[in-house]
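Notes follow once the structure below has been shown.
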2 protein chains.
Amino acid sequence: MSLDAGQAGQGTPRKRADSVRNEQVLLAAAAAVFVGSGVDAPVREIAGRAGVGVGTIYRHFPTRADLIIAVYRHQVEACAEAGPALLANTESPHSALGQWVDLFVEFLVTKHGLAAALQNDRDGFDALHTYFVDRLVPVCAHLLQAAVAAGEIDADIGAYELLRGVGNLCAGEGKDPQYNADRLVKLLIRGLARPAPRRG
Amino acid sequence: MSLDAGQAGQGTPRKRADSVRNEQVLLAAAAAVFVGSGVDAPVREIAGRAGVGVGTIYRHFPTRADLIIAVYRHQVEACAEAGPALLANTESPHSALGQWVDLFVEFLVTKHGLAAALQNDRDGFDALHTYFVDRLVPVCAHLLQAAVAAGEIDADIGAYELLRGVGNLCAGEGKDPQYNADRLVKLLIRGLARPAPRRG
DNA sequence: TGGTAAAGGGAACGTCGCTCCGTTTGACTA
DNA sequence: TAGTCAAACGGAGCGACGTTCCCTTTACCA
């Protein structure tokens, strides 16, 4: 096994600054391209958007699966961190929940691509899936809780249940032009809202 | 819908002889290549095996889905016709059943490829699927019946059930090197056999 | 048997994933 | 601060692919 990584700060911080910067840029570019063109998007498109050469991509992510996995973890993390941030910056918790679910839906594109890319590696996929569940369910639960506390929604749905439902709504998205998952998800979230007290 | 095909023999038999011959050759070649290299096999490989140019393939089957559908129908038909033939030419009906299931398994490669190629067209796929069931279940039932009549197997399994079971055993075949569907199918068929009467 | 439209064949084009290697650059040392 | 050097970069280039285009061949009918 190689302990070469230079984060423990033994004597020499190995990673060059431009390298770590490019890795971040690549993850962001790949995420955007996946959402726009699917996970089968050409490598050159990702490189172009990131403003780097294709060689750089292959240096950081030797296989397409490596790239997808990295984007996936990156997005799980970003999605998880966005939850509390949205809650803090948005007046209504229910609205924050809606915005957060939008992020979640975008991210599902990568997740579904991941499943296709890891057909061979059931174990690897399962590991990433439990990571995904463990990381995001609490965030969603937190948002739900806040909305309940604010009296905006009822407390009759669980976080896992909601995420699972949204995920299922997005299954097969993009295949059938008749089917628009986004719209259905929006409706679902709107349906969570407690009816406003009648005025009169 | 186009009724252009020239089989009703109005005035002029439109189709040229070499055209129909090449179409048959192409279907056979494509079927063989699909089994050997999967449904994503290069067009040139199919053309090469058929001994024709790539242009000829595109003339007959403008899209890959067209080709796969045609191979699929062709194989369903061939598989259906092979049932009675095997029964007539093989001493033991149970053995005939085994050989027939081998054909069926080969054919499943195309069927699974079909599902992938027709993601957009759920209706088209469903139509082909019911065609497949309607055509092959009776053939399988006939083989089972013969084996039962010969006292080689028990009558406790239905044709649909058996085909479904074989189909499920073959799901995901080729992805995981640990998993060999062929072997399991063989075991399943062998398991149908009635134990030979004890001697002694 | 000759004319003709259908069918065939395959070179050629554009795109893709991926590699390879000359060039650039960040980081460490003297 | 200047010099050194390995790590990182970029993109031309390779081989393989799907698809098209057009010239050649051929089966059919009068």
Side-chain angles (χ1 to χ4, degrees), chain A residues 2-30 33-34 36-71 113 116-117 119-120, chain B residues 2 4-7 9-30 33-34 36-71 113 116-117:
Chain A
S2 58
L3 322 169
D4 49 3
Q7 73 276 33
Q10 194 75 344
T12 46
R14 296 297 194 311
K15 266 273 197 185
R16 270 169 50 164
D18 56 345
S19 177
V20 305
R21 182 169 10 99
N22 269 335
E23 187 160 327
Q24 293 304 309
V25 171
L26 273 173
L27 286 175
V33 169
F34 286 169
S37 312
V39 284
D40 289 332
V43 176
R44 291 194 223 290
E45 184 178 345
I46 299 171
R49 179 182 272 258
V52 305
V54 290
T56 302
I57 292 190
Y58 284 99
R59 172 174 306 278
H60 285 281
F61 310 105
T63 75
R64 182 172 284 267
D66 291 328
L67 175 59
I68 296 180
I69 289 174
V71 170
Q119 289 174 329
N120 302 328
Chain B
S2 56
D4 50 3
Q7 72 279 30
Q10 194 74 347
T12 45
R14 298 292 197 310
K15 268 271 198 184
R16 269 171 49 167
D18 58 342
S19 177
V20 304
R21 180 168 12 97
N22 269 334
E23 187 161 328
Q24 293 304 311
V25 172
L26 272 173
L27 287 175
V33 169
F34 286 170
S37 312
V39 284
D40 289 332
V43 176
R44 292 196 222 292
E45 184 178 345
I46 300 171
R49 180 182 272 256
V52 304
V54 291
T56 303
I57 291 190
Y58 282 99
R59 173 175 306 279
H60 286 281
F61 311 104
T63 74
R64 182 172 284 266
D66 291 328
L67 175 59
I68 296 179
I69 288 173
V71 170

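Note that the coordinates shown come from a computational prediction; the quantities given were computed from them, not determined experimentally. Order of the sequence lines sets the chain letters (A, B, ...), proteins ahead of strands, with each chain counted from 1.
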Base-contact (B) and sugar-phosphate-only (S) positions in nucleotides 2-7 of chain C, heavy-atom cut-off under 4.0 Å, - elsewhere: ----BB

Under the side chain to side chain contact (heavy atoms under 4.5 Å, CB included) rule, collect the residues that match up with B/E45, sequence neighbours excluded.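 Only B/V33, B/S37, B/A41, B/P42 meet the side chain to side chain contact (heavy atoms under 4.5 Å, CB included) criterion with B/E45.
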
To the nearest 0.5 angstrom, please state how far the [atom1] atom of [X] sits from the [atom2] atom of [Y].
X	Y	atom1	atom2	answer
B/D66	B/I69	CG	CD1	6.0 Å
B/K15	B/R21	NZ	CZ	12.0 Å
B/D40	B/I68	CG	CD1	7.5 Å

Every protein N/O lying under 3.5 Å from an N/O of nucleotides 16-20 of chain D:
unit_1: D/dG18; atom_1: OP1; unit_2: B/R64; atom_2: NH2; d: 2.8
unit_1: D/dG18; atom_1: OP2; unit_2: B/V43; atom_2: N; d: 2.9
unit_1: D/dG18; atom_1: N7; unit_2: B/R44; atom_2: NH2; d: 3.2
unit_1: D/dG18; atom_1: O6; unit_2: B/R44; atom_2: NH2; d: 2.8
unit_1: D/dT19; atom_1: OP2; unit_2: B/Y58; atom_2: OH; d: 2.9
unit_1: D/dT19; atom_1: O4; unit_2: B/R44; atom_2: NH1; d: 3.1

When you measure from the side chain of A/R64 to the backbone N and O of A/V39, does any donor-acceptor pair fall under 3.5 Å?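 Yes; judged by distance alone, with no hydrogens or angles, the pair exists.
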
Tell me: CD1 of A/I57 to P of C/dC20, nearest whole Å?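 After rounding, the gap between these two atoms is 18 Å.
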
Any side-chain heavy-atom pair from B/I46 and B/L67 closer than 4.5 angstrom?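 B/I46 vs B/L67: side chains touch.
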
Is there side-chain contact between B/F61 and B/V43, with at least one heavy-atom pair below 4.5 Å?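 B/F61 vs B/V43: side chains apart.
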
Taking all non-hydrogen atoms of both residues, which atom of B/P62 and which atom of B/H60 are closest, and how far apart?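 Of all heavy-atom pairs spanning B/P62 and B/H60, the closest is CD-O, 3.7 Å.
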
Looking at every strand, decide which applies to A/G48 at a 4.0 Å heavy-atom threshold: base, sugar-phosphate, or nothing.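 No contact at all - A/G48 keeps every heavy atom at 4.0 Å or more from the nucleic acid.
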
Comparing B/R21 and A/E23 on DNA chain D - which has the more 5′ nearest nucleotide: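 Checking each residue's closest nucleotide, the 5'-ward one belongs to A/E23.
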
